[in-house]
Amino acid sequence: MVLQIIEWMLGTTGRALLDLIISNMLVFNIFVFFYLVVLGLGKLQLKKIKRETEALALEIAAPLIEGDPTISIIELFDRINPIWLSKVDTWAY
């Protein structure tokens, strides 16, 4: 009953695709598994880069702000960005 409702909602093309997935479930599951592994590793890598970026920005910006409290955000970016660009490749997996 539920499968018939889903097939009705999918239409002709969706029904053919659903039949293909059901008949080749192992291949589909392997594909989804690898996709989720890559997605999870990407999320972990992004978290690591974000954490390292925050630490680097605080490490570099604190002395600059103490030395010159009127420093603009553009000047801070210009000082931090070249260092960040050289280090970001080492933070990736």
Side-chain angles (χ1 to χ4, degrees):
M1 176 75 177
V2 175
L3 185 59
Q4 291 173 346
I5 293 171
I6 293 172
E7 287 178 352
W8 175 78
M9 291 182 346
L10 292 176
T12 308
T13 307
R15 194 173 315 130
L17 184 62
L18 183 62
D19 290 340
L20 178 70
I21 291 171
I22 290 173
S23 63
N24 298 308
M25 191 60 72
L26 179 63
V27 174
F28 180 74
N29 284 340
I30 290 171
F31 175 75
V32 169
F33 172 75
F34 282 118
Y35 174 76
L36 292 176
V37 166
V38 169
L39 195 68
L41 290 175
K43 186 173 182 176
L44 289 174
Q45 180 171 321
L46 187 60
K47 280 184 179 181
K48 181 180 179 187
I49 290 173
K50 182 181 177 190
R51 187 176 56 246
E52 296 288 340
T53 299
E54 290 170 351
L56 178 71
L58 290 174
E59 177 185 326
I60 295 172
L64 293 174
I65 293 172
E66 287 177 7
D68 181 14
T70 61
I71 192 168
S72 71
I73 198 74
I74 302 288
E75 293 171 332
L76 279 174
F77 178 79
D78 289 341
R79 299 238 181 123
I80 293 171
N81 193 41
I83 299 167
W84 180 82
L85 286 173
S86 66
K87 291 188 175 189
V88 74
D89 289 336
T90 63
W91 298 335
Y93 296 118

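As the structure is a prediction and not an experimental result, all values here were calculated from the model. Atom set for the values below is all heavy atoms of this structure, side chains included, hydrogens, waters and symmetry mates excluded.
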*Leu36 atom CG: more than 12 heavy-atom contacts under 6.0 Å*: yes
*Flag yes if more than 12 heavy atoms outside Ile73 fall under 6.0 Å of its CD1 atom; otherwise flag no.*
no
*Working to the nearest 0.5 Å, report the span between CE of Met25 and CD1 of Ile30.*
12.5 Å
_Within the 4.5 Å heavy-atom criterion, are Glu7 and Asp19 side-chain neighbours or not?_
yes
*Rounded distance [0.5 Å steps], CG in Leu64 versus CD1 in Ile71*: 5.0 Å
*State, yes or no, whether a side-chain contact exists between Phe28 and Phe33 at a heavy-atom distance under 4.5 Å.*
no
_Approximate separation, where rounding is to 0.5 Å, of Leu56 CG and Lys87 NZ_ = 5.5 Å
_Minimum side-chain heavy-atom gap Tyr35-Leu39 below 4.5 Å_ = yes
_Linked, directly or transitively: Phe34 and Leu26 (ILVMFWY side chains, under 4.5 Å)_ = yes
*For atom CZ of Arg15, decide whether the heavy atoms of other residues, nucleotides or ligands shown that lie under 6.0 angstrom number more than 12.*
yes
*asked:* I need the Leu85 CG to Ile80 CD1 distance, nearest 0.5 Å.
replied: 11.5 Å
_Quick one, Trp91 and Thr53 - any side-chain contact, counting heavy atoms below 4.5 Å?_
yes
*Would you mind reporting whether Val2 and Ile6 have side-chain heavy atoms less than 4.5 Å apart?*
yes
*Is any side-chain heavy atom of Leu18 less than 4.5 Å from a side-chain heavy atom of Leu10?*
yes
*Taking atom NZ of Lys48 as the centre, does the number of heavy atoms from other residues, nucleotides or ligands within less than 6.0 Å exceed 12?*
yes
_Leu76 and Ile65, any side-chain heavy atoms less than 4.5 Å apart_ = yes
*Is a side-chain donor or acceptor of Glu75 paired with a backbone partner of Ser72 at a separation under 3.5 angstrom?*
yes
*Within one Ile-Leu-Val-Met-Phe-Trp-Tyr cluster: Ile74 and Ile83, side-chain cutoff 4.5 Å*: yes
*If Ile, Leu, Val, Met, Phe, Trp and Tyr residues are connected whenever their side-chain heavy atoms lie under 4.5 Å apart, and connections chain through other members, are Leu44 and Val88 in the same group?*
no
*Are Val38 and Leu41 grouped together when hydrophobic residues (ILVMFWY) are joined by side-chain heavy atoms under 4.5 angstrom apart?*
no
*Sidechain-backbone polar pair: Asn24 side chain, Leu20 backbone, donor-acceptor under 3.5 Å*: yes
